[in-house]
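Here is the structure we will look at, set down as structure tokens.
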Amino acid sequence: MKKTVLAISVIAFLTGCDLDSDSSSSNTSSSGYTVTGFDGYLQNAVVYIEKDNKSGFSDPSEFMGLTDESGTLTLDNTPSEKLSLQTLVLGEPAQKVLAGMDRKYETVYTTDSDRPSMPLDNEYTLHTTEGAAVISPLTDLIVLKMENDKTDVDTAIDSIQGALSLPSDSDLYVDFIDNGDNKLHKTAQILADSKAKSPDKYQSNPRDFVLDAKNAVEKISDDKISDPNYRMTVDGETVTEDKLPDSSDPSVNTDVFESIQGKFNALNLTNGHRVISPVTFFEADLTDLFIDNADNPITLLNGIEVSNTDSNYVVLDKNDKRTGLVAYVMDGKMRVGMNSDDAIEGSGDYIVTVSVRYEGSIDYKIRTAKALFSFSIKDDATSQ
């Protein structure tokens with residue numbers, strides 16, 4: 001009889017996302033049932049119970065909690081139903097559902113440990129089998145194969161192992177990040193990005209996407225296999241060969257990001273606050289914020305801008321209402337402050353979106369990247 005590995009773990013409690021203090025991820029018990037989601041470890045992804053494996057997170061009653069920076073969520077008890085994972089992108093459908101549950105989630109979005117300072121481009125879902133504590137693109141393939149072919153888990157595992165040219169005793173529930181399996185990690189990256197780009201096609205024919213991804217990975221050089229910014233998608237058309245990217249995507253320099261975020265954290269903004277004359281709260285050098293495929297700063301500084309502002313550089317919230325905080329880029333520096341005719345408006349958490357757009361020097365492809373900085377506005381009634 002074939003041994004099916006479900007990777008169920010009962011381990012010491014790992015603290016969940018701080019933003020989710022009301023969920024079971026913040027349980028302070030000494031033990032629990034810990035779920036891990038990854039292609040890189042996914043932080044602030046929704047773990048939920050889904051009935052049909054297709055619709056994604058849409059029902060607040062199915063919400064189990066948010067993953068932490070290790071991609072983990074600890075529950076009090078082993079769930080009796082299958083778990084799924086939903087990534088979040090600001091303004092996209094699943095993120096709106098979460099934000100509608102509580103205002104504290106309005107600026108919550110998913111990041112991937114492969115590129116921890118960058119938001120994801122698209123929302124997507126990952127599934128796993130009943131009783132499994134790992135949710136990854138590989139477990140997602142097992143579930144899709146079972147659903148599409150009306151087959152059992154062992155048969156689905158056999159099919160996916162064959163498509164990946166893996167031995168019959170290989171573990172598809174493995175944490176390939178922790179194991180340092182760069183080829184399997186890159187395959188999972190490609191699968192996740194491809195599903196996000198073409199969810200319906202991927203859903204109906206996942207095995208062809210697996211074959212496509214495996215063939216692509218076999219052609220990627222060793223230095224690119226371990227590069228988290230060397231990204232590509234496949235189309236599931238195995239009769240045609242997908243073209244490998246000529247260079248890596250831009251990324252966000254984590255050290256610079258955290259330094260600038262620290263400046264935003266230090267702001268003391270209160271609803272209704274005004275200034276007599278224009279004021280600059282801080283300046284931040286953006287020269288090294290974005291990194292190109294050679295890990296060198298992108299020097300096209302005129303391609304960097306704060307994109308969620310109005311004509312007077314006032315930062316807008318998700319409903320395009322003015323917050324009163326001014327942010328703009330000039331000579332490679334971001335200046336953050338206030339105009340004399342504006343007032344700080346709102347209460348809660350907000351986002352400043354810094355984006356770059358430039359033409360690649362090798363393939364002349366237009367490349368983009370974003371860094372999202374958060375800031376808070378205190379209600380005047382609670383700041384006394």
[X] versus [Y], closest heavy-atom pair with distance:
X: Thr110; Y: Ala45; result: OG1-CA, 3.7 Å
X: Met338; Y: Gly324; result: CG-O, 3.7 Å
X: Leu289; Y: Ala371; result: CD2-CB, 4.3 Å

Worksheet, complete the sentence: Ser80 meets the side-chain hydrogen bond (donor to acceptor under 3.5 Å, both in side chains) criterion, sequence neighbours left out, with none
Discussion item. Going by side-chain hydrogen bond (donor to acceptor under 3.5 Å, both in side chains), name the residues that satisfy it together with Thr240, two or more places apart in sequence or in a different chain.
Written reply: none
If hydrophobic clusters are built from ILVMFWY residues whose side chains come within less than 4.5 Å, do [X] and [Y] share one?
X: Leu267; Y: Leu372; answer: no
X: Val326; Y: Val352; answer: no
X: Phe63; Y: Leu90; answer: no
X: Val329; Y: Val314; answer: no
X: Tyr109; Y: Met101; answer: no

Under a 3.5 Å distance rule, please check whether [X] uses its side chain to pair with a backbone N or O of [Y] as donor and acceptor.
X: Thr87; Y: Tyr124; result: yes
X: Asp310; Y: Tyr313; result: yes
X: Ser70; Y: Thr72; result: no
X: Asp140; Y: His127; result: yes
X: Asn148; Y: Gln203; result: yes
X: Thr187; Y: Lys183; result: yes
X: Lys195; Y: Thr125; result: yes
X: Thr233; Y: Ser194; result: no
X: Glu305; Y: Val356; result: no
X: Thr107; Y: Tyr350; result: no

Worksheet item: Between Thr74 and Thr34, does a side chain to side chain donor-acceptor pair (under 3.5 Å) hold up when you go through it step by step?
Response: CA-CA 4 Å; Thr74 297; Thr34 298; 2.9 Å; yes
Would you say that [X] contacts [Y] through its side chain, given a criterion of any heavy-atom pair below 4.5 Å between the two side chains?
X: Leu172; Y: Leu141; result: no
X: Val354; Y: Ile304; result: yes
X: Ser251; Y: Ile291; result: yes
X: Leu244; Y: Tyr230; result: yes
X: Thr270; Y: Ile377; result: no
X: Ile225; Y: Val217; result: yes

For [X], all residues meeting ring-ring contact (aromatic ring centres under 6.0 Å, His included), sequence neighbours excluded:
X: Phe281; answer: none
X: Tyr48; answer: Phe57
X: Phe373; answer: Phe257, Phe264

Worksheet item: Tell me the ring-ring contact (aromatic ring centres under 6.0 Å, His included) pairs involving residues 198-220, sequence neighbours left out?
Response: Tyr202-Phe209
Worksheet item: Step by step, would you call Asp178 with Tyr41 a side chain to side chain donor-acceptor pair (under 3.5 Å)?
Response: CA-CA 10 Å; Asp178 186 55; Tyr41 297 119; 4.9 Å; no
Fill in: Salt bridge flag under 4.0 Å for residues Glu283 and Arg335
yes
Which residues satisfy the side chain to side chain contact (heavy atoms under 4.5 Å, CB included) test with [X], sequence neighbours excluded?
X: Ser226; value: Asn182
X: Asp208; value: Asn205, Leu211, Thr238
X: Ser374; value: Gln261, Ile351

How long is the gap from [atom1] on [X] to [atom2] on [Y], to the nearest 0.5 Å?
X: Asp242; Y: Asp235; atom1: CG; atom2: CG; answer: 4.5 Å
X: Gln86; Y: Glu62; atom1: CD; atom2: CD; answer: 11.0 Å
X: Arg115; Y: Leu120; atom1: CZ; atom2: CG; answer: 8.5 Å
X: Thr280; Y: Met334; atom1: OG1; atom2: CE; answer: 12.0 Å
X: Ile220; Y: Asn215; atom1: CD1; atom2: CG; answer: 11.0 Å

Any luck finding a side-chain donor-acceptor pair between [X] and [Y] under 3.5 Å?
X: Ser248; Y: Asp227; answer: yes
X: Asp114; Y: His185; answer: yes
X: Ser159; Y: Arg207; answer: yes
X: Thr155; Y: Asp152; answer: yes
X: Ser307; Y: Thr353; answer: no
X: Asn268; Y: Lys378; answer: yes
X: Thr129; Y: Tyr173; answer: yes

For [X], which residues count as a salt bridge (Lys or Arg N to Asp or Glu O under 4.0 Å) partner, sequence neighbours excluded?
X: Asp342; answer: Arg322
X: Arg103; answer: Glu106
X: Lys96; answer: none

Practice prompt. Please lay out, stage by stage, how Asp317 and Thr323 fare under the test side chain to side chain donor-acceptor pair (under 3.5 Å).
Written response: CA-CA 7 Å; Asp317 67 12; Thr323 64; over 6 Å; no
Worksheet item: Around Lys197, counting heavy atoms of other residues, nucleotides and ligands shown, do more than 12 lie under 6.0 Å from its NZ?
Response: no
Item to complete: Determine, step by step, whether Val89 and Asp121 satisfy the side chain to side chain contact (heavy atoms under 4.5 Å, CB included) criterion, reporting the C-alpha distance in whole Å, the side-chain angles of both residues, the deciding distance to 0.1 Å, and the verdict.
Response: CA-CA 7 Å; Val89 174; Asp121 293 328; over 6 Å; no
